[in-house]
Student: 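Just passing along the structure, written as structure tokens.
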There are 2 protein chains.
Amino acid sequence: MRVPKRERQRQLEMSLEQNPFLTDEELSKQFKVSVQTIRLDRLECGIPELRERLKTVAARTMDAEVKSLQSDEVIGEIVDIELDKRAISIFDVTDDHVFRRSGIARGHHLFAQANSLAVAVLDDDLALTVTSTLNFLKPVKSGDRVIARATVDKERSNEKRTYVDVVSTVENETVFTGEFQMYQTTNHSRSEVK
Amino acid sequence: MRVPKRERQRQLEMSLEQNPFLTDEELSKQFKVSVQTIRLDRLECGIPELRERLKTVAARTMDAEVKSLQSDEVIGEIVDIELDKRAISIFDVTDDHVFRRSGIARGHHLFAQANSLAVAVLDDDLALTVTSTLNFLKPVKSGDRVIARATVDKERSNEKRTYVDVVSTVENETVFTGEFQMYQTTNHSRSEVK
DNA sequence: TCCGGATTAGCACTTGGTACTAATACCAGT
DNA sequence: ACTGGTATTAGTACCAAGTGCTAATCCGGA
């Protein structure tokens with residue numbers, strides 16, 4: 001018993017985690033044991049065969065791609081919108097969004113939710129952020145559901161600039177506020193003639 | 001010939017694009033033709049078999065996961081850093097980062113690069129953004145290489161707050177500036193005794 | 001020396017295919 | 001109605017990467 005069984009199985013799990021594409025035969029060469037031993041090891045560790053592994057990995061992709069497609073439009077999910085007036089979006093914070101050490105959500109996710117909502121609320125071919133001022137008031141944690149409310153500030157807005165205020169809350173506590181000065185390009189004449 | 005061959009093959013391609021997990025047998029039921037016909041169709045359309053399809057889909061996942069792991073640390077790549085003083089990162093803008101219609105980079109990516117650089121430059125267990133003010137000066141397009149330079153403003157900083165200024169440029173033109181007021185938690189005494 | 005866990009070997013069977021051949025179906029033109 | 005050509009179906013042999021099972025062998029320690 002060169003390498004003890006236990007150690008080999010540990011390494012096997014790591015190998016497959018890092019590269020799930022390895023066949024039993026390739027693994028048997030890597031660990032210099034027979035294919036049968038690899039099979040027994042997988043059996044003991046509850047590791048499925050190559051095809052099953054690829055199936056689950058591929059399934060993860062399809063998931064992720066659907067998600068990232070959503071996020072192409074807006075970060076978070078718009079639940080209510082009245083164009084050029086106000087909009088509300090929900091963003092569920094997961095482990096993917098937080099600092100590993102502190103568990104606190106990274107600022108740019110809150111910003112992304114707010115900023116993309118500010119863009120969405122303006123019914124325009126093209127709305128760009130010019131300047132913005134942000135306040136991160138309370139740390140947001142994994143599992144929190146952040147509700148962002150955007151309102152267009154008609155008073156301050158003019159032909160060249162539109163102001164959008166966003167307030168994000170978790171369980172009715174304000175965690176973030178942002179003020180966005182937006183630039184709109186559109187031949188906006190239709191709604192301009194009000 | 002109920003459904004013409006051409007039409008069936010078109011639908012087949014769409015079906016598999018949307019769900020690559022279908023076996024020939026499942027497809028043959030879906031289209032009410034024999035398994036062999038499905039095989040011929042795949043052959044003519046150059047569609048690989050189930051296992052090959054899953055392999056490529058799974059490969060895409062692994063790729064994507066490596067990328068998103070990188071981004072767990074910093075958005076962009078740090079090329080130079082002097083802790084508590086300054087840092088530089090590079091971020092290559094791709095089609096994934098821009099508005100489809102205008103081709104202009106979405107603000108939150110520029111913010112994410114700047115903000116994560118501001119976090120990284122502070123040699124601390126935990127640095128959080130408190131407030132920040134941003135200026136998006138020039139539109140950034142796909143293919144642009146954004147260089148963000150962060151400098152810690154020692155003058156304005158105090159025990160409670162650290163100020164980090166970030167200037168992002170594309171080909172020596174400033175496209176974005178951000179001022180970040182950061183909060184640090186660490187028992188920071190070591191470097192505090194300067 | 002003998003026991004027992006670890007390892008290896010071998011065989012039948014499974015999925016989801018490829019590659020190929022042969023048979024049939026269907027429809028149009030003459 | 002006959003012929004031709006495309007489309008479809010059927011059937012066979014074979015492959016990769018397995019599972020499941022049985023049997024043989026190895027190797028180290030009391």
Student: Please give, in whole Å, the distance from dT9(D) C1' to L27(B) CG?
Tutor: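 Roughly 17 Å, once rounded to whole Å.
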Student: Take the angle between the ring planes of F111(B) and F180(B) and call it parallel below 30°, perpendicular above 60°, tilted in between.
Tutor: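 Tilted.
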Student: Clusters formed by hydrophobic residues whose side-chain heavy atoms approach within less than 4.5 Å: which one holds V79(A), and what are its other members?
Tutor: I88(A), I90(A), I147(A)
Student: Mind calculating the distance between NZ (K5(A)) and C1' (dC27(D)) to the nearest angstrom?
Tutor: 14 Å
Student: May I have the distance from L54(A) (atom CG) to dA17(D) (atom P), rounded to whole angstrom?
Tutor: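 These atoms are roughly 11 Å apart.
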Student: Does a side-chain N or O of S34(B) approach OP1 or OP2 of dT9(D) to a distance below 4.0 Å, or not?
Tutor: yes
Student: Describe the nucleic acid contact of V33(B) in one word from base, sugar-phosphate, nothing, applying a heavy-atom distance below 4.0 Å.
Tutor: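 The residue V33(B) makes sugar-phosphate contact but no base contact.
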Student: Going by atom types only, do E26(A) and Q30(A) share a side-chain donor-acceptor pair under 3.5 Å?
Tutor: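 No - no donor-acceptor pair under 3.5 Å links their side chains.
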Student: Can you tell me the distance, in whole Å, between the CG atom of L40(A) and the P atom of dT8(C)?
Tutor: 10 Å
Student: Nucleotide by nucleotide, 5' to 3', does protein get under 4.0 Å of the base (B), only the sugar-phosphate (S), or neither (-) in nucleotides 13-19 of chain C, counting heavy atoms?
Tutor: --BBBB-
Student: May I have the distance from F31(B) (atom CZ) to dT9(D) (atom P), rounded to whole angstrom?
Tutor: 13 Å
Student: Taking only side-chain N and O atoms of R8(A), does any of them lie within less than 4.0 angstrom of OP1 or OP2 on dT7(C)?
Tutor: yes
Student: Starting at CD of E7(A) and ending at P of dA6(C), how long is that distance when rounded to a whole Å?
Tutor: 15 Å
Student: Taking 4.0 angstrom as the limit, do D165(A) and R156(A) come out as a salt bridge?
Tutor: yes
Student: Could you state the CD-C1' distance from Q36(B) to dT12(D), rounded to the nearest angstrom?
Tutor: 11 Å
Student: So, do T133(A) and T131(B) sit near enough that their side-chain heavy atoms are less than 4.5 Å apart?
Tutor: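 The answer is no, as the side chains (C-beta and beyond) never meet within the 4.5 Å cut-off.
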Student: May I ask you to check if R8(B) and F31(B) form a cation-pi contact, with NZ or CZ under 6.0 angstrom from the six-membered ring centre and within 45° of the axis?
Tutor: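 Judged by the rule, R8(B) and F31(B) form no cation-pi pair.
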Student: Could you state the CD-C1' distance from E52(A) to dT19(D), rounded to the nearest angstrom?
Tutor: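 That distance rounds to 12 Å.
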